[in-house]
Undergrad: 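What follows is a structure written as structure tokens; I'll ask about it next.
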Amino acid sequence: MLDLKFVRENPDLIRQAMELKGEEADLDGLLAKDGERRSLLKEAEELKQIRNRVSKEIGQAGGESEAVEAKKAEMREVSAQIKELDEQLRQIDSAMEQLLLNLPNLPDPVVPRGSDESDNVEVRSWGNRPEFDFTPLAHWDIGANLDIIDFPRAGKITGSRFALYYGAGARLERALFNFMLDLHTTEHGYREVFPPFLVNAASMTGTGQLPKFAEDAFRIEGTDLYLIPTAEVPVTNLHRDEILEEEQLPLYYCAYSACFRAEAGAHGRDTRGLIRQHQFNKVELVKFVRPEESMDELESLTRDAEKVLQLLELPYRVMLMCSGDLGFAPAKKYDLEVWLPAAGTYREISSCSNFTDFQARRAGIRYRPETGKKAQFVHTLNGSGVAIGRTVASILENYQQEDGSVVIPKVLHPYFNGRECITAG
RNA sequence: GGAGAGAUGGCCGAGUCUGGCUGAAGGCGCACGACUCGAAAUCGUGUGUGCCGCAAGGCACCGUGGGUUCGAAUCCCACUCUCUCCGCCA
């Protein structure tokens, strides 16, 4: 969310940002309501001032008299007017709130202009893509051949876009999030959090999933609760409506969670395999930082996520998102894309964003720069560290052998009792 | 699920029965000043947030939302959350 005063004073900047991001929002409607609100507010407050003054007089007068009765009668009328104005104000406020919640964050000046993913800029790449002297299989075939991933039965039990793991497959999933949590907590200084997987609407609004992206989330019928699309939601909302001490910053958290996404609007895309599931596992990194440090913190957050892929020896590249592919809430974002040999493409496996004060303002997360000074909004960041399902897909494909087996990345051996290879049977 | 208690400022905690001069006593913490070579202790002063306004100033906020009243932290209703006891349960 943007500051209302800022919006009022810089409508052109907002218009430019929406243009760059390709976002639509009713800015003119918001500005019109803002003017209307201020005049109503003035009127209401003047009446309240009168009421406060006269009520005090009535109290001081004590007892009953004709003069007092006259004042009461008069204030009855004033109160009725106030009630009416307050009702109008309430409606305008909530309408403005909705409009404000639908304005996108401003892109950082360094973000390249562009309309879609083809305009993203490769910042660096790492690792050597494996060369095969056979035709590499897609991970869903490898998983089926080894009998470690079962899509048909997951479909029977639940439906499409769900997966079921057996044996070494299940263990690989578990090994990966243990490995990632261990790495981030011991090497990168993150505090581990194990959050609820259901959150309320206020939390979803705080991080920006609501109100704009309601159809992307699973909602529990008859409740105010949503299945989390990412641990970003519960973890960022840890400090909702709090004022942090400056010495606490920066705060680094990492969390494993299952993630649930409705994938509305993705019909027919990535229908096979682990790439696009309604439920997947992920280790998420979340930071709360001082505003002046957030861009540096984005760099180190991205490096922390990259380290996972480096240790797993999976080739990847880092993409700087262009304005058109940036999305609603981030000011700046890097995607990590991992190599998938069967498709011969890089696929997003992590998304690292600096939201500046956009989420902090929605969620009321502030810090006090100096005792006695005014509290101000922190900057929040998060990034996948990394998505597990896509990591499994990438490992199966990059580490596959001609005989159908899959070598287990070295760094995972301790999580497999030293086992080095997944074979059929 | 049943019975009861509670929710007040950064924290603790009065005020609620008996509505008004209470944005809210007192304490802690914090900031500044005095004392000190320096510190502790002590003393003094100050210390919430948001909104409107060029300003002076005004308005709002005592869990949330309604209601009663000239006037609500205080009375009434609903809801949410917390705690205690009982029941049930992985």
Side-chain angles (χ1 to χ4, degrees), chain A residues 1-10 30-101 194-206 210 219-220 222-226 234 237-249 251 258 288 357 360-378:
Chain A
M1 185 162 65
L2 301 173
D3 179 46
L4 179 59
K5 268 194 203 124
F6 179 82
V7 173
R8 185 186 299 146
E9 287 160 14
N10 303 280
L30 177 62
L31 293 171
K33 283 204 162 29
D34 182 46
E36 199 182 333
R37 170 177 172 271
R38 281 192 287 171
S39 89
L40 277 170
L41 191 63
K42 184 162 180 281
E43 202 179 334
E45 289 192 350
E46 282 168 359
L47 289 174
K48 284 178 183 176
Q49 190 180 353
I50 292 170
R51 183 178 67 182
N52 287 347
R53 198 190 67 234
V54 175
S55 291
K56 198 170 279 189
E57 288 168 10
I58 293 171
Q60 283 165 346
E64 310 285 305
S65 75
E66 259 180 51
V68 165
E69 286 311 313
K71 280 180 177 177
K72 284 189 184 179
E74 197 185 331
M75 288 308 103
R76 243 191 301 277
E77 183 56 35
V78 169
S79 275
Q81 286 177 47
I82 290 172
K83 195 172 175 181
E84 206 169 297
L85 289 169
D86 275 349
E87 176 54 33
Q88 287 178 47
L89 276 168
R90 206 166 20 246
Q91 284 179 17
I92 285 187
D93 278 343
S94 76
M96 285 177 68
E97 174 86 358
Q98 288 308 305
L99 291 171
L100 208 48
L101 285 172
F194 189 67
F197 293 179
L198 291 175
V199 295
N200 56 33
S203 293
M204 290 287 274
T205 305
L210 291 180
R219 182 177 183 171
I220 308 298
T223 72
D224 180 38
L225 301 177
Y226 296 79
N237 279 282
L238 268 180
H239 295 297
R240 172 149 52 85
D241 295 323
E242 289 184 13
I243 298 174
L244 303 166
E245 295 304 323
E246 188 180 22
E247 312 84 74
Q248 292 180 261
L249 300 178
L251 283 167
F288 300 82
D357 61 2
R361 184 172 289 108
R362 286 173 164 251
I365 309 167
R366 294 174 296 174
Y367 79 107
R368 210 173 287 285
E370 230 179 287
T371 27
K373 285 279 162 59
K374 207 170 139 77
Q376 54 178 275
F377 293 110
V378 302

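Within every chain, numbering begins at 1; the chains are lettered A, B, ... in the order of the sequence lines, protein sequences first and strands thereafter. Since we're looking at a predicted model, the values are computed, not measured. When reading the values below, keep in mind they use all heavy atoms of this one structure, side chains included, and skip hydrogens, waters and symmetry mates.
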Undergrad: Do Asn52(A) and Ser55(A) pair up side chain to side chain, a donor and an acceptor below 3.5 Å, judged on atom types alone?
TA: no

Undergrad: Could you measure the distance from the CG atom of Asp357(A) to the CZ atom of Arg362(A)? Nearest 0.5 Å is fine.
TA: 11.5 Å

Undergrad: Where the side chain of Arg76(A) is concerned, which of C70(B), A60(B), U49(B) is the nearest nucleotide?
TA: C70(B)

Undergrad: Return yes if the base of G58(B) and the side-chain atoms of Glu45(A) contain a donor-acceptor N/O pair under 3.5 Å, otherwise no.
TA: yes

Undergrad: Quantified in whole Å, what is the C1' atom distance between nucleotide C88(B) and nucleotide C79(B)?
TA: 25 Å

Undergrad: Using a heavy-atom cut-off of 4.0 Å across all strands, would you classify Arg90(A) as base, sugar-phosphate, or nothing?
TA: sugar-phosphate

Undergrad: Let me spell it out: for each of Asp34(A) and Ile243(A), pick the nucleotide of RNA chain B with the closest heavy atom. Which residue's pick is nearer the 5' end?
TA: Ile243(A)

Undergrad: Taking atom P in both U82(B) and C59(B), what distance in whole Å separates the two?
TA: 37 Å

Undergrad: Does the structure show a Watson-Crick or G-U wobble partner for C43(B), both distances under 3.5 Å? Name it, or say none.
TA: G33(B)

Undergrad: Students often get this wrong, so: under 4.0 angstrom with heavy atoms, is Arg361(A) touching a base, only sugar-phosphate, or nothing?
TA: nothing

Undergrad: Please state how far atom CG in Asp93(A) lies from atom P in C52(B), giving the value in whole angstrom units.
TA: 10 Å

Undergrad: Separation of Arg37(A) atom CZ from A60(B) atom C1', in whole Å?
TA: 11 Å

Undergrad: Can you tell me, in whole Å, how much space there is between the C1' of A7(B) and that of C61(B)?
TA: 16 Å

Undergrad: Between G66(B), C70(B), G53(B), which nucleotide has the shortest distance from any of its atoms to the side chain of Arg51(A)?
TA: C70(B)

Undergrad: Hunt down the Watson-Crick or G-U wobble partner of A72(B), both distances under 3.5 Å, from any strand shown, or write none.
TA: none

Undergrad: Measuring from atom CG of Asp86(A) to atom CD of Gln88(A), what distance do you get when rounded to the nearest 0.5 angstrom?
TA: 9.5 Å

Undergrad: Please state whether the phosphate of C59(B), meaning OP1 or OP2, lies under 4.0 angstrom from any side-chain nitrogen or oxygen of Asn52(A).
TA: yes

Undergrad: Suppose you measure atom P in A60(B) against the same atom in G23(B); what distance do you get, rounded to whole Å?
TA: 10 Å

Undergrad: Taking the nucleotide of RNA chain B with the nearest heavy atom to each, does Val54(A) or Glu87(A) sit closer to the 5' end?
TA: Glu87(A)

Undergrad: With rounding to whole Å, what would you report as the distance between C35(B) and G48(B) at their P atoms?
TA: 28 Å

Undergrad: Whole angstrom is fine here: how far is it from NZ in Lys72(A) over to P in C70(B)?
TA: 7 Å

Undergrad: Among the candidates C52(B), G50(B), G71(B), find the nucleotide nearest to the side-chain atoms of Leu41(A).
TA: C52(B)

Undergrad: Considering only the P atoms, how many Å lie between C21(B) and U74(B), rounded to the nearest integer?
TA: 13 Å

Undergrad: Without decimals, in angstroms, what is the distance between Ile82(A) CD1 and A60(B) P?
TA: 8 Å

Undergrad: What integer distance in Å separates Asp3(A):CG from C52(B):P?
TA: 9 Å

Undergrad: Now, which nucleotide makes the Watson-Crick or G-U wobble pair with A24(B), with each of the two distances under 3.5 Å?
TA: none

Undergrad: Take Lys48(A) and Ile82(A), measure what side-chain contact (heavy atoms from CB on, under 4.5 Å) needs, and give me the verdict at the end.
TA: CA-CA 7 Å; Lys48(A) 284 178 183 176; Ile82(A) 290 172; 3.7 Å; yes

Undergrad: Where the side chain of Arg8(A) is defined as all heavy atoms beyond and including C-beta, which of U49(B), G71(B), G53(B) is the nearest nucleotide?
TA: G53(B)

Undergrad: Side chains of Gln91(A) and Glu87(A): do they bring a donor and an acceptor to under 3.5 Å?
TA: yes

Undergrad: Answer with base, sugar-phosphate or nothing: what part of the nucleic acid does Lys48(A) contact at a heavy-atom distance below 4.0 Å?
TA: sugar-phosphate

Undergrad: Before you tell me yes or no, could you show the steps for Lys33(A) and Met96(A) under side-chain contact (heavy atoms from CB on, under 4.5 Å), namely the whole-Å CA-CA distance, both residues' side-chain angles and the distance that decides it to 0.1 Å?
TA: CA-CA 7 Å; Lys33(A) 283 204 162 29; Met96(A) 285 177 68; 3.7 Å; yes

Undergrad: Please check the phosphate of G71(B) (OP1 and OP2 only) for any side-chain N or O of Ser79(A) closer than 4.0 Å.
TA: yes

Undergrad: Does U80(B) have a Watson-Crick or wobble partner in any strand here, with both distances under 3.5 angstrom, and which is it?
TA: A7(B)

Undergrad: Which value, in whole Å, describes the distance between the P atoms of nucleotides C12(B) and U18(B)?
TA: 29 Å

Undergrad: Side chain of Lys83(A): nearest nucleotide among C52(B), G71(B), U68(B)?
TA: U68(B)

Undergrad: What closest approach, in Å, do Arg240(A) and Ala202(A) show between heavy atoms, and which atom pair accounts for it?
TA: NH1-CB, 3.6 Å

Undergrad: Rounded to the nearest angstrom, tell me the gap between atom CZ in Arg366(A) and atom C1' in G10(B).
TA: 12 Å

Undergrad: Please tell me which of the listed nucleotides, U49(B), G71(B), C59(B), lies nearest to the side chain of Ser55(A)?
TA: G71(B)

Undergrad: Let me know the distance between CD of Glu97(A) and C1' of C51(B), rounded to the nearest Å.
TA: 14 Å

Undergrad: For A90(B), give its Watson-Crick or G-U wobble partner with both distances under 3.5 Å, or none.
TA: none

Undergrad: Provide the distance between the two P atoms, one in C28(B) and one in A41(B), to the nearest whole Å.
TA: 11 Å

Undergrad: Could you report the tightest heavy-atom contact between Arg51(A) and Met75(A), atom names first, then the distance?
TA: CA-SD, 3.7 Å

Undergrad: From C-beta outward on Arg38(A), which listed nucleotide comes closest to its side chain: A60(B), C52(B), C70(B)?
TA: C52(B)

Undergrad: Looking only at side-chain atoms of Lys5(A), point me to the closest of C70(B), C51(B), U49(B).
TA: C51(B)

Undergrad: Within this structure, what is the CD1-to-C1' distance between Ile58(A) and A72(B), rounded to whole angstrom?
TA: 15 Å

Undergrad: Taking 4.0 Å as the cut-off, does a side-chain nitrogen or oxygen of Asn200(A) come that near to OP1 or OP2 on U80(B)?
TA: no

